[in-house]
S.K.: 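Take this structure first; my questions come after.
Whatever order the structure lists them in is the order used to number ligands and atoms, beginning at 1.
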Amino acid sequence: MLRSLSLPPFLLVFAFFWGLVHVSQAQTHQTQATTDPNEKRALNSIFQQWGISTNQEQWNISGELCSGAASATDTSDFDSLSGPNPYIKCVCTYSNNTLCHITRLKVYALDVVGVIPDELWTLTFLTHLNLGQNDLTGPLSASIGNLTSMQYLSFGINALSGELPKELGKLTDIRSFAIGSNNFSGPLPSELGNWTKLEQFYIDSSGVSGEIPSTFANLQNLATVWASDTELTRRIPDFIGNWSKLTSLRFQGNSFGGPIPSSFSNRIAMTEL
Ligand SMILES: *[C@@H]1O[C@H](CO)[C@@H](O)[C@H](O)[C@H]1NC(C)=O
Ligand SMILES: *[C@@H]1O[C@H](CO)[C@@H](O)[C@H](O)[C@H]1NC(C)=O
Ligand SMILES: *[C@@H]1O[C@H](CO)[C@@H](O)[C@H](O)[C@H]1NC(C)=O
Ligand SMILES: *[C@@H]1O[C@H](CO)[C@@H](O)[C@H](O)[C@H]1NC(C)=O
Ligand SMILES: *[C@@H]1O[C@H](CO)[C@@H](O)[C@H](O)[C@H]1NC(C)=O
Ligand SMILES: *[C@@H]1O[C@H](CO)[C@@H](O)[C@H](O)[C@H]1NC(C)=O
């Protein structure tokens, strides 16, 4: 075949493609950062254990994880219910824009059955984690305390069990914590009183019991507290009246006794007791 081509046009074509390849390589090097290999390994292992298919059109699970939409700074497709699922978001500005870390992970309502693999707790750049509405079982590991960048954490509507680890208290940047409808047991750790940025707290039907720790008086940014159908005993603590930003409170079906604190009466109109 080659011999039948006259030489000059062939060289011309070759030079043209050679140039194309080099231009596109240069562009790739400028724009394409790669996923932290440890995080890539961890995520692939988690998905494998959860039986999540790697055939996904909306997001490049099989190749470079943090490519395309997953590395875009707009996160609205992550938050959207109709957006890609499972899904991740990455921040790719590390090591002079050559390295991506996974900052958001969503595996929502995909009927995932099983425990939470330990590898999840190595994704320490996560700020958003939504594992809601699956069939996750087993306890939350103490290693969850390693995810210190966490801001929005949801395990709602699963079958997780055991006590909440006190290491959760290390997540001091957390804004929203949702474990409603699970099979936990034991008390709320007093360490959660370190969550001073917490705005939303959903523990309804989660199985937690015992009294609300006095350290919760520090949670001055709480706006939404749903704690219905939990076994929280004793009376509603006075300091709830000090949660000055509270707009939604649900305590129905609790084993709370005693009167509603007087500190609270001035805001009863806007809450749902
Ligand atoms: C997925 O990533 C692989 C490896 O980086 C790449 O070769 C492939 O083109 C990517 N696919 C899409 C659809 O982005
Ligand atoms: C970062 O990348 C830019 C452009 O690729 C380069 O000019 C600069 O020297 C790099 N800086 C460091 C600290 O590597
Ligand atoms: C969490 O951090 C502790 C202390 O650095 C470490 O020993 C442990 O292995 C970490 N857990 C995971 C799952 O990486
Ligand atoms: C919840 O946990 C209890 C033991 O603490 C167990 O008997 C029960 O079967 C569990 N329920 C579910 C739905 O996992
Ligand atoms: C959290 O709160 C407890 C007391 O409730 C305290 O002993 C602990 O040092 C605090 N800090 C962290 C990072 O957990
Ligand atoms: C409410 O907050 C005030 C001022 O921050 C404090 O003096 C008071 O002890 C708190 N009350 C309760 C019941 O925690």
Side-chain angles (χ1 to χ4, degrees), residues 19-52 64-68 70-73 86 88-107 112-132 134 136-155 158-175 177-179 182 184 186 188-195 197-198:
L20 259 191
V21 165
H22 273 252
V23 166
S24 71
Q25 270 180 352
Q27 277 169 351
T28 304
H29 280 294
Q30 268 169 17
T31 58
Q32 191 102 29
T34 54
T35 314
D36 181 315
N38 293 325
E39 294 181 16
K40 181 175 178 177
R41 208 175 303 125
L43 193 73
N44 282 326
S45 170
I46 292 165
F47 279 11
Q48 195 179 10
Q49 292 172 63
W50 281 348
I52 292 177
E64 178 55 48
L65 292 180
C66 295
S67 61
S71 63
T73 48
I88 61 169
K89 279 286 180 182
C90 307
V91 169
C92 293
T93 53
Y94 295 92
S95 299
N96 202 11
N97 298 312
T98 61
L99 180 66
C100 305
H101 288 298
I102 301 170
T103 55
R104 297 179 184 222
L105 170 62
K106 173 168 72 177
V107 178
V112 171
V113 178
V115 299
I116 300 179
D118 251 1
E119 287 98 326
L120 182 64
W121 316 124
T122 67
L123 301 176
T124 53
F125 288 82
L126 284 179
T127 60
H128 293 62
L129 176 63
N130 184 356
L131 302 181
N134 287 293
L136 297 174
T137 51
L140 285 182
S141 162
S143 289
I144 196 173
N146 295 13
L147 305 191
T148 52
S149 303
M150 191 58 67
Q151 296 180 13
Y152 295 86
L153 186 55
S154 176
F155 299 111
N158 276 290
L160 295 167
S161 59
E163 297 199 0
L164 295 180
K166 65 179 189 325
E167 287 77 7
L168 277 168
K170 296 181 186 169
L171 312 188
T172 51
D173 213 20
I174 197 159
R175 319 293 159 93
F177 180 71
I179 58 165
N182 270 288
F184 289 109
L188 292 169
S190 60
E191 285 79 3
L192 306 195
N194 293 333
W195 286 356
K197 295 181 182 168
L198 190 70

S.K.: Please work out whether any backbone atom (N, CA, C, O) or any side-chain heavy atom from C-beta onward of Asp118 is under 4.0 Å from ligand 3, and answer side chain, backbone, both or neither.
M.R.: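 Looking at Asp118 and ligand 3, just backbone atoms fall under 4.0 Å.
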
S.K.: Taking it one step at a time, do Leu160 and Ile116 satisfy side chain to side chain contact (heavy atoms under 4.5 Å, CB included)?
M.R.: CA-CA 9 Å; Leu160 295 167; Ile116 300 179; 4.1 Å; yes

S.K.: Taking Asn158 for its side chain and Asn134 for its backbone only, find out whether a donor-acceptor pair lies under 3.5 Å.
M.R.: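 Confirmed, Asn158 side chain pairs with Asn134 backbone.
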
S.K.: May I have a table of the N/O to N/O pairs between ligand 2 and the protein that fall below 3.5 Å, each row giving the two atom names and the distance to 0.1 Å?
M.R.:
residue: ligand 2; atom: 2 (O); partner: Asn96; partner atom: OD1; Å: 3.4
residue: ligand 2; atom: 2 (O); partner: Asn96; partner atom: ND2; Å: 2.5
residue: ligand 2; atom: 11 (N); partner: Asn96; partner atom: ND2; Å: 2.7
residue: ligand 2; atom: 14 (O); partner: Asn96; partner atom: ND2; Å: 3.1

S.K.: Under 4.0 Å from a heavy atom of Thr122: give me the atoms of ligand 3 that qualify, with their elements.
M.R.: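 Contacts of ligand 3 toward Thr122, numbered from 1: 14 (O).
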
S.K.: Kindly assign one of parallel, tilted or perpendicular to the pair Phe125 and His101, based on the angle between their ring planes and the thresholds 30° and 60°.
M.R.: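 Parallel, since the angle between the ring planes stays under 30°.
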
S.K.: Is a side-chain N or O of Thr103 found less than 3.5 angstrom from the main chain of Lys89, in a donor-acceptor match?
M.R.: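 Here the side-chain-to-backbone pair exists.
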
S.K.: Rounded to the nearest 0.5 Å, what's the gap from CG on Asp118 to CD1 on Ile46? Could you check?
M.R.: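 Here the interatomic distance stands at 9.5 Å.
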
S.K.: Taking the side chain as everything from C-beta on, heavy atoms only, tell me whether Leu147 gets closer than 4.5 Å to Trp121.
M.R.: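 Yes, close enough: below the 4.5 Å cut-off.
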
S.K.: Give a yes-or-no answer on whether the side chains of Glu64 and Thr35 include a donor-acceptor pair shorter than 3.5 Å.
M.R.: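 There is such a pair (donor and acceptor under 3.5 Å, judged by atom type) between the side chains of Glu64 and Thr35.
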
S.K.: Using a strict cut-off of 4.0 Å, indicate which atoms of ligand 3 neighbour a heavy atom of Asn146.
M.R.: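 Near Asn146, meaning under 4.0 Å from one of its heavy atoms, ligand 3 has 1 (C), 2 (O), 3 (C), 8 (C), 10 (C), 11 (N), 12 (C), 14 (O).
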
S.K.: Under 4.5 Å between any side-chain heavy atoms of Leu105 and Leu43, yes or no?
M.R.: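 Yes, side chains in contact.
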
S.K.: Under 3.5 Å between any N/O of Ser143 and any N/O of ligand 3: does that happen in this structure?
M.R.: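 Ser143 vs ligand 3: N/O contact under 3.5 Å present.
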
